[in-house]
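Structure record follows, encoded as structure tokens.
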Protein chains: 2
Amino acid sequence: MKEIRVLLVDDHPVVRAGLRAMLTAFEGISVAAEAADGDAALKELERLRILGDRVDVVLMDLQMGAGMDGVTATSRIRQLEGPPPVLILTTYDTDADILAAVEAGASGYMLKDAPPEQIHQAVLAAAAGQTALAPRVAALLMDRISNPAPSLTPREIQLLELLATGLSNRAIAKRVFISEATVKTHLVHIYGKLGVDNRTAAIAAATQRRIIRGPGTQG
Amino acid sequence: MKEIRVLLVDDHPVVRAGLRAMLTAFEGISVAAEAADGDAALKELERLRILGDRVDVVLMDLQMGAGMDGVTATSRIRQLEGPPPVLILTTYDTDADILAAVEAGASGYMLKDAPPEQIHQAVLAAAAGQTALAPRVAALLMDRISNPAPSLTPREIQLLELLATGLSNRAIAKRVFISEATVKTHLVHIYGKLGVDNRTAAIAAATQRRIIRGPGTQG
DNA sequence: GGTGGGGTCAACCGAATGGTTGACCCGGAG
DNA sequence: CTCCGGGTCAACCATTCGGTTGACCCCACC
């Protein structure tokens, strides 16, 4: 049986070391290379391709402090010729992350607190071209299918972002050159789509669903 | 020179494996035991004590999915007789977290994305009874000293966090078993300290200054 | 034994927000 | 062409929020 060669992508050296130790403890798995962000991952893939080295699975973290984030890295990788399956291994099971990753072409989604054997199985499944979802993630996806995603208009998202900066309705109105009445109209629509009934809850909901970046979340 | 014996406390098997691999790669450091949460950590310390085993440093994650969280675990450990120094190793550099950890008796605060050598040095420093702060954390503290610290009370921070989840004054009042009037009083104090004049701006300001984590940023 | 800070609460008022209805314009889909 | 959705605006009203004043309790500190 061929050995499965894995590319680790995570910005934490600690986690990379952990994955390396954990995976190499299993028979038939080796770590081809490591990368700290999406850019480095793509370069590593290119480098290994030139060397004629095989990469059977990319193990990717979604949250990365600097550099290309996991979702865009995933989609970039999937746009290569004969791309390796990308298995997401992340800390959070929050909503939009998962959808974004799946849309980007991820073939699996595991959580970091999973026991080693589960991660092992997921890597095997991914290498075999199958899909591997953590139970919690699977449940979340099912939930999301039943609950249709609210699609906000660009204008609504714009107002939502201004909202999150702490501006009042009047201030928002001045900022985008519309009347306060219009701002309120938009907000009502936004509340309806997000299933909330006040501005702070809207910010919380929108941030949670990654519709906007949280207040103060710069960079 | 005596070998430094470390107790790892982290709910992620991956991270524990990583720390183990990373630390044991250095001379003079060994991993005495591992624990997945605060409860287990205390039990491990007790068990090792009975066995006559030494623990020179506790390496503790703050965020733990289930079981006792890192801050209370830290204070519990520091209440033991001849307690080992507790070195916090976590993902976030939020103010509230850091302050709480320091108050609980942590002797260091490192971030998980730190390079191995930095973590190594921090463990050595902690074992020697010194304080070790990640550069980013140290910078944050310095910044806090120069910048007239808004110095919110724990209660105010608590309300601020609830505020950020989108709760109304009444809902917050119910949640913490106080009257709506009291909530308003606290909010007025918070607005004053943050230099804002409404709740959304307070959330934005508090998030920006890392007094709280942004809405939807659960971990 | 004050003094002060933190936490609690009530009553009050003006301002802002939430929510509704109805209306107009415009551009693209059918 | 008609219909519909997005965007704009006005008027209205109930509710909530923002802010003040004054008060009480408790506890740590001097």
Side-chain angles (χ1 to χ4, degrees), chain A residues 148-209 211-212 215, chain B residues 71 75 95-96 99-100 102-105 144 148-208 211-212 215:
Chain A
S151 68
L152 297 180
T153 68
R155 189 59 151 176
E156 287 165 352
I157 293 177
Q158 182 193 11
L159 293 200
L160 208 38
E161 283 167 345
L162 292 176
L163 201 66
T165 66
L167 295 179
S168 68
N169 289 346
R170 183 172 301 169
I172 294 174
K174 281 183 184 172
R175 183 75 74 88
V176 296
F177 306 109
I178 60 179
S179 80
E180 199 176 332
T182 306
V183 173
K184 286 163 66 173
T185 304
H186 282 303
L187 289 190
V188 171
H189 293 162
I190 292 172
Y191 299 155
K193 290 181 179 178
L194 293 181
V196 300
D197 64 349
N198 66 63
R199 54 177 55 215
T200 49
I203 295 171
T207 309
Q208 234 161 9
R209 304 191 195 179
I211 296 170
I212 59 171
Chain B
V71 173
S75 66
D95 253 34
L99 288 185
V102 170
E103 279 176 14
R144 185 50 50 134
S151 97
L152 298 179
T153 68
R155 190 58 152 177
E156 288 165 351
I157 292 177
Q158 181 193 15
L159 293 198
L160 208 38
E161 283 167 346
L162 292 176
L163 201 67
T165 67
L167 295 180
S168 68
N169 289 347
R170 182 174 302 171
I172 294 174
K174 282 185 183 172
R175 182 74 76 88
V176 296
F177 305 109
I178 60 179
S179 81
E180 201 176 332
T182 305
V183 174
K184 286 163 68 173
T185 304
H186 282 303
L187 289 191
V188 170
H189 293 161
I190 292 172
Y191 298 156
K193 289 180 180 178
L194 293 181
V196 300
D197 63 349
N198 66 63
R199 52 176 55 213
T200 48
I203 296 171
T207 310
Q208 232 158 12
I211 296 170
I212 59 170

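What you see below is based on every heavy atom in this structure, not just the backbone, and it leaves out hydrogens, waters and symmetry mates. Convention: sequence-line order gives letters A, B, ...; per-chain numbering from 1.
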Does a side-chain N or O from [X] land closer than 4.0 Å to OP1 or OP2 of [N], or not?
X: B/Thr153; N: C/dG7; value: yes
X: A/Asn169; N: C/dT17; value: yes
X: B/Arg155; N: C/dT8; value: yes
X: A/Tyr191; N: C/dG18; value: yes
X: B/Thr182; N: C/dG7; value: no
X: B/His189; N: C/dG6; value: no

Distance, rounded to the nearest Å, where [X] contributes [atom1] and [N] contributes [atom2]:
X: B/Lys184; N: D/dG22; atom1: NZ; atom2: C1'; value: 15 Å
X: A/Glu156; N: D/dT8; atom1: CD; atom2: C1'; value: 13 Å
X: A/Glu180; N: C/dG18; atom1: CD; atom2: P; value: 11 Å
X: B/Asp197; N: D/dT20; atom1: CG; atom2: P; value: 11 Å
X: A/Ile190; N: C/dT17; atom1: CD1; atom2: P; value: 14 Å
X: A/Arg170; N: D/dA10; atom1: CZ; atom2: P; value: 13 Å
X: A/Lys174; N: C/dA16; atom1: NZ; atom2: P; value: 10 Å
X: B/Ile178; N: D/dC24; atom1: CD1; atom2: C1'; value: 16 Å

Taking all non-hydrogen atoms of both residues, which atom of B/Ala205 and which atom of B/Val196 are closest, and how far apart?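 Reported closest heavy-atom pair: CB-CG1, 4.1 Å.
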
[X] has a side chain; which of [options] sits nearest to it?
X: B/Val188; options: C/dG18, D/dT8, D/dT20; answer: D/dT20
X: B/Arg199; options: D/dG18, D/dA10, C/dG18; answer: D/dG18
X: B/Ala181; options: C/dA10, C/dG18, D/dA10; answer: C/dA10
X: B/Thr185; options: D/dG18, C/dC9, D/dC9; answer: C/dC9
X: B/Ser168; options: C/dA16, C/dG18, D/dC17; answer: D/dC17

Heavy-atom nearest nucleotide on DNA chain C for A/Leu187 versus B/His186: which residue maps closer to 5'? B/His186

May I have the step-by-step check of side chain to side chain donor-acceptor pair (under 3.5 Å) for A/Ser179 and A/Thr182, ending in yes or no? CA-CA 5 Å; A/Ser179 80; A/Thr182 306; 3.2 Å; yes

Non-hydrogen side-chain atoms of B/Thr153 and B/Lys193 separated by less than 4.5 Å: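 They are in contact (side-chain heavy atoms under 4.5 Å apart), so the answer is yes.
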
Quick one: are A/Thr200 and B/Leu167 in side-chain contact, heavy atoms under 4.5 Å? no

Go through the steps for B/Leu187 and B/Ile172 under the test side-chain contact (heavy atoms from CB on, under 4.5 Å), then give the verdict. CA-CA 11 Å; B/Leu187 289 191; B/Ile172 294 174; 5.6 Å; no

